[in-house]
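Since this is a predicted model, take the numbers as computed values, not measurements. We count residues from 1, following the sequence as given.
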Amino acid sequence: DPDQLSEVLSHMADALPEVEALFDMTVLSPPQALGLTDQARELLATRNLQLLRSATEVQDREQSFRQQADRLDYIARQDALTGIFNRRHFDEAFGSHFARAKTEAYPLSLAYLDLDHFKAINDRHGHPVGDRILAAIAKSIQKQLRENDLFARYGGEEFVLLLPGMDQDGAKKILARLCDGIAELAHPLDNGESLTVTLSAGIATVPGDGIHSSRQLMQAADEALYAAKQRGRNRVVLADATTRKDADQSGGQPA
């Protein structure tokens with residue numbers, strides 16, 4: 001290291017007179033020896049400064065790369081249309097949320113949300129109008145949620161909402177409020193008219209009867225959503241034995 005090298009150079013300078021006497025010759029005069037030592041120390045200090053600057057630049061580049069990678073990862077987890085999380089992010093985060101709820105013994109509610117008759121809106125008014133409505137609804141819902149709630153677009157006009165620490169009754173109140181708010185939301189059209197859209201939701205909660213795994217929780221919420229559609233739409237249904245029976249008796253889920 002620099003201190004050890006400096007010490008070696010000093011020893012060399014001190015030993016030169018003995019070498020000169022042994023061989024009866026002049027290697028360096030004392031001023032020359034001191035000058036070489038000082039020059040070596042100066043070069044070493046300059047080199048160390050360059051290395052330090054290079055290390056700092058490398059560290060800055062690495063930090064910049066990490067920031068870019070984090071940004072790209074965040075973008076990859078976002079739904080491009082609505083700006084909320086996408087299915088990929090939800091699927092990756094859901095397992096850890098479920099495991100934590102089981103370990104720490106707090107309730108966890110999962111809700112599937114689906115816009116009613118949304119295909120008819122796309123068919124009649126076009127997909128650009130449908131896209132604007134989807135984005136507006138997602139934004140409206142997101143504004144009403146807690147920071148630790150997980151809200152994502154699950155595909156098409158379907159959303160998924162995870163409510164940590166929320167039991168069935170609490171989740172139903174939240175979803176009922178969201179459904180009422182969406183039904184009151186007016187979506188203006190280019191011709192001066194406006195549309196309103198309703199929302200159906202199915203909720204399942206752990207701990208819950210017959211729900212012991214994350215897969216069972218998702219299946220129960222999906223069956224509850226199906227029951228909400230079967231019972232007239234624009235409503236919230238809690239998962240229970242009845243909703244599972246409704247799902248078993250039918251082939252596909254109404255739009």
Check: E223/Q219 side-chain N/O donor and acceptor closer than 3.5 Å: yes

Indicate whether the side chain of D116 and that of S200 have a donor and an acceptor atom separated by less than 3.5 Å. yes

Modelled atom types, side-chain donor and acceptor of D91 and Y154, under 3.5 Å: yes

Residues V8, Q4; criterion side-chain contact (heavy atoms from CB on, under 4.5 Å); working and verdict: CA-CA 6 Å; V8 169; Q4 291 174 322; 5.6 Å; no

N86 (side chain) donor-acceptor with H89 (main chain) under 3.5 angstrom: yes

Apply the test side-chain contact (heavy atoms from CB on, under 4.5 Å) to residues L178 and V236: give CA-CA distance (whole Å), side-chain angles for both, the deciding distance (0.1 Å), then the verdict. CA-CA 10 Å; L178 293 177; V236 179; over 6 Å; no

I need the full list of side chain to side chain donor-acceptor pair (under 3.5 Å) pairs touching residues 164-192, with sequence neighbours left out, sorted by first then second residue. none

If you apply the rule side-chain contact (heavy atoms from CB on, under 4.5 Å), what do you find for I133 with H125, and how did you get there? CA-CA 11 Å; I133 292 175; H125 301 283; over 6 Å; no

Heavy-atom side-chain proximity of I182 to L113 below 4.5 angstrom: no

List the steps and the verdict of side-chain contact (heavy atoms from CB on, under 4.5 Å) for L110 and V160. CA-CA 7 Å; L110 173 68; V160 62; 3.5 Å; yes

With sequence neighbours excluded, residues passing side chain to side chain donor-acceptor pair (under 3.5 Å) with Q68: S64

Residue pairs passing the side chain to side chain donor-acceptor pair (under 3.5 Å) test with at least one member in residues 134-150, sequence neighbours excluded, are R146-D149

